[in-house]
Amino acid sequence: MEQFKNIQDWTTENYTVPENAIFFHSIPRLSVLSFKPVSSKFDLQIADYQLEANPYLQSLLFYPACCALLLVLSILITGIISCCMCCRPPPETKSTSLNSRKFFIGLFATFIIMLCVVGGYGNYQCAEGVNDLVESSQNVSTHVKSIQNEIVECESKVKNTLESLNIMSGLLDLMGQYQPSPQVVTAQEKVNNASDRAAELKNQLDGLGNWRVFNHRQDMAIVDSLIVQLEFIRSVCTYSLLGFCGFVAFVVLLSVLCSSEVFLMIGAVTGIFGLISAFLLSAWYLTFAMGVSDFCMDPYEVMYNNSDFSRNDMSYFLHCPGDHSLNPYHSKLQTLFDKFREGEEQITSISSEVANAPEVLLDVEKMLKEDFYDVKASLQSTQNKAECTVVHSNYVAGLNAVCYTFLEGIDFIFGAGLLCAFCMFILVILAACTWGQMEKQAQYEEYCASSYDPLDDPYRRTGSSRDRYGMYAGDGPNSRRNYSRVPALADHHQPPPSYHI
């Protein structure tokens, strides 16, 4: 445990928790079934696929359930208001607040379209975060694969060294038969010892063939492919929901610009479904934001709990201390180097110890030195690659992709969806209140633009009780019965002169 603390304190590059993760993590977690407080520690493990067995997952569904209740309440309110407003008779008087309502309809519709653009930017950020995460994972897999290839290559070079040692051993046996001497016997013993060390080195390399940085229980290529497929589905669904909200806002905005009752009716009806889309978007990404934030608060603990490595071994790659002796593979690699040095020392000066060494022995010795040099270079490359630098940098890059880029995109989409739901709620109510008034307003403006006839006022022609001035039909200065107030009409209704007595 003390070693683990030292590793945590001595790191080359630290991961810092983002502020938005701290904010969402601070939101209280409540169980959706019992309404009791739940720990916000990230935990996605489900025993026997039973949701009740994991209170944390239940807590992630609490606030989306509240969004669902708000959605039902909003639909009821907008439905009641829409039915009351759309089923009323056309207005008989000119509405003085129509222009104000049209202005706010255009304002909220434009704001919703802008929010959809912001949500699209957030979706792009999420896609970038996933791409960076997959790239980091692939870099780690490629690095581990390169170590495995280096070990295989080193095994091949050790095998070549063994063959060269066997050739030299055969030559020394032949020399011992024809020119027996103590030097040949000593050289033969050294070659045999070098062969034994090379064989041990090969066995040690076989044990490193399954070198793993993180003990993933599944093939990372399959996991990366699954992440890419899920990201594609998430992106398409998000763009669809945002696009539908933007379409509803555009139709309502078009109805205001064209003073079209048809577009207004279509926008009001589809606005209910736009309201559902906006609430669904906000609830969905609220769950994302809370879950990802809980992970980002302590990602190391998640990695420890999902690996069969010991805590000390995992912490070396996650924190990457400057002391590489803490590398869990350091002792194994050091053993390989020790075996190599022991074998190399045995054949350093065999030809010089053997009197009258033949030319072929000198050639084999030269070949052996080249083989040992290649083995040493391969072992050194393996040791360098086994250090934590590459793995740790890609791990931190993956964390930043999830906890900064991806989480930032989630925040944008969640905020856009929540504000879009509020604006869509107001927009549907305003559209319902404006229903039936724009056409009458257009008629009135058309008459005013040509020649206004008070007796042909569109509000008088359809009014059953009051005219546009608030007077009752038949009364007031513009009444049909009060012709004396209009000179031309008074003269028109005088009897012709021939009828005068």
Side-chain angles (χ1 to χ4, degrees), residues 8 11 13-32 37-47 51 53-64 122-123 125-137 140 213-218 220 223-224 226-228 230-231 233-235 238 282-309 311 314-315 317-320 391-415:
Q8 280 191 316
T11 61
E13 184 180 0
N14 290 322
Y15 160 77
T16 57
V17 181
E19 294 295 332
N20 49 353
I22 297 175
F23 170 76
F24 282 103
H25 181 74
S26 64
I27 298 176
R29 303 293 194 270
L30 298 175
S31 174
V32 73
V38 176
S39 172
S40 57
K41 182 180 179 180
F42 185 83
D43 181 19
L44 296 182
Q45 298 179 0
I46 303 178
L51 182 61
N54 192 332
Y56 173 75
L57 287 180
Q58 297 180 26
S59 68
L60 292 181
L61 300 177
F62 178 80
Y63 291 103
N123 199 33
Q125 285 289 98
C126 289
E128 285 295 309
V130 172
N131 291 335
D132 292 343
L133 173 63
V134 172
E135 182 180 359
S136 299
S137 175
V140 172
V213 177
F214 301 130
N215 190 18
H216 298 292
R217 296 186 176 92
Q218 296 182 0
M220 284 307 298
V223 176
D224 293 341
L226 179 62
I227 291 176
V228 172
L230 293 177
E231 166 59 20
I233 296 174
R234 183 207 62 79
S235 181
T238 302
S282 58
W284 180 17
Y285 279 91
L286 177 60
T287 305
F288 266 159
M290 297 174 67
V292 174
S293 298
D294 294 340
F295 166 80
C296 294
M297 290 300 297
D298 192 5
Y300 302 112
E301 190 68 25
V302 178
M303 298 299 297
Y304 296 143
N305 294 334
N306 290 274
S307 173
D308 292 336
F309 273 9
R311 202 174 184 88
M314 281 293 296
S315 61
F317 294 104
L318 299 183
H319 297 278
C320 195
V391 175
H392 175 73
S393 61
N394 281 281
Y395 176 73
V396 173
L399 278 182
N400 291 334
V402 173
C403 299
Y404 282 88
T405 308
F406 186 74
L407 184 58
E408 179 184 355
I410 289 176
D411 295 344
F412 274 112
I413 299 176
F414 166 67

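Predicted model only: the values in this text are computed from it and were never measured.
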> Looking at Ala283 and Pro64, what are the two nearest heavy atoms and their distance?
Replying inline: O-CG, 3.7 Å

>> Please tell me whether Tyr63 and Ser282 have a donor and an acceptor in their side chains that are separated by less than 3.5 angstrom.
In response: no

>> If we count only N and O atoms by modelled type, under 3.5 Å, do the side chains of Ser40 and His25 hold a donor and an acceptor together?
In response: yes

> Can you find a pair of side-chain heavy atoms, one from Ser59 and one from Leu30, that are under 4.5 Å apart?
Replying inline: no

> Got a donor-acceptor contact below 3.5 angstrom from the Ser136 side chain to the Asp132 backbone?
Replying inline: yes

>> Rounded to the nearest 0.5 Å, what separates atom CD in Glu408 from atom SG in Cys403?
In response: 12.5 Å

> For the residue pair Tyr300 and Tyr15, does the interplanar ring angle fall in the parallel (under 30°), tilted (30 to 60°) or perpendicular (over 60°) class?
Replying inline: perpendicular

>> Nearest 0.5 Å, please: how far is OG1 in Thr405 from CG in Leu399?
In response: 11.5 Å

> Do Val292 and Val402 come within less than 4.5 Å of each other through their side chains, counting heavy atoms only?
Replying inline: yes

> Can you name the residues that form a ring pair (Phe, Tyr, Trp, His ring centres under 6.0 Å) with Phe62, not counting sequence neighbours?
Replying inline: Phe35

>> Looking at every heavy atom in both Gly409 and Gln125, which two are closest together, and how far apart are they?
In response: CA-CB, 3.6 Å

> How many angstroms lie between OG in Ser293 and CD in Glu19, if you round to the nearest 0.5 Å?
Replying inline: 11.5 Å

> Who passes side chain to side chain contact (heavy atoms under 4.5 Å, CB included) against Thr238, sequence neighbours left out?
Replying inline: Asn123, Arg234, Leu242, Leu281, Trp284, Tyr285, Ile413

>> A side-chain contact here means heavy atoms from C-beta on lying under 4.5 Å apart; do Phe406 and Leu133 qualify?
In response: no

> Taking it one step at a time, do Asp294 and Arg29 satisfy salt bridge (Lys or Arg N to Asp or Glu O under 4.0 Å)?
Replying inline: CA-CA 11 Å; Asp294 294 340; Arg29 303 293 194 270; 2.6 Å; yes

>> Between Tyr395 and Ser137, does the side chain to side chain donor-acceptor pair (under 3.5 Å) criterion hold? Intermediate values first, please.
In response: CA-CA 8 Å; Tyr395 176 73; Ser137 175; over 6 Å; no

> Please walk me through it: do Thr16 and Tyr404 pass side-chain contact (heavy atoms from CB on, under 4.5 Å)?
Replying inline: CA-CA 10 Å; Thr16 57; Tyr404 282 88; 2.9 Å; yes

> Are Val134 and Val228 close enough that some pair of their side-chain heavy atoms sits under 4.5 Å apart?
Replying inline: yes

> With sequence neighbours left out, what residues match Ser31 under side chain to side chain contact (heavy atoms under 4.5 Å, CB included)?
Replying inline: Leu33, Ser34, Val38, Gln58

>> Just so I know, are the side chains of Cys126 and Ile410 near enough to count as touching, which here means a heavy-atom distance under 4.5 Å?
In response: yes

> Can you find a pair of side-chain heavy atoms, one from Leu407 and one from Asn20, that are under 4.5 Å apart?
Replying inline: yes

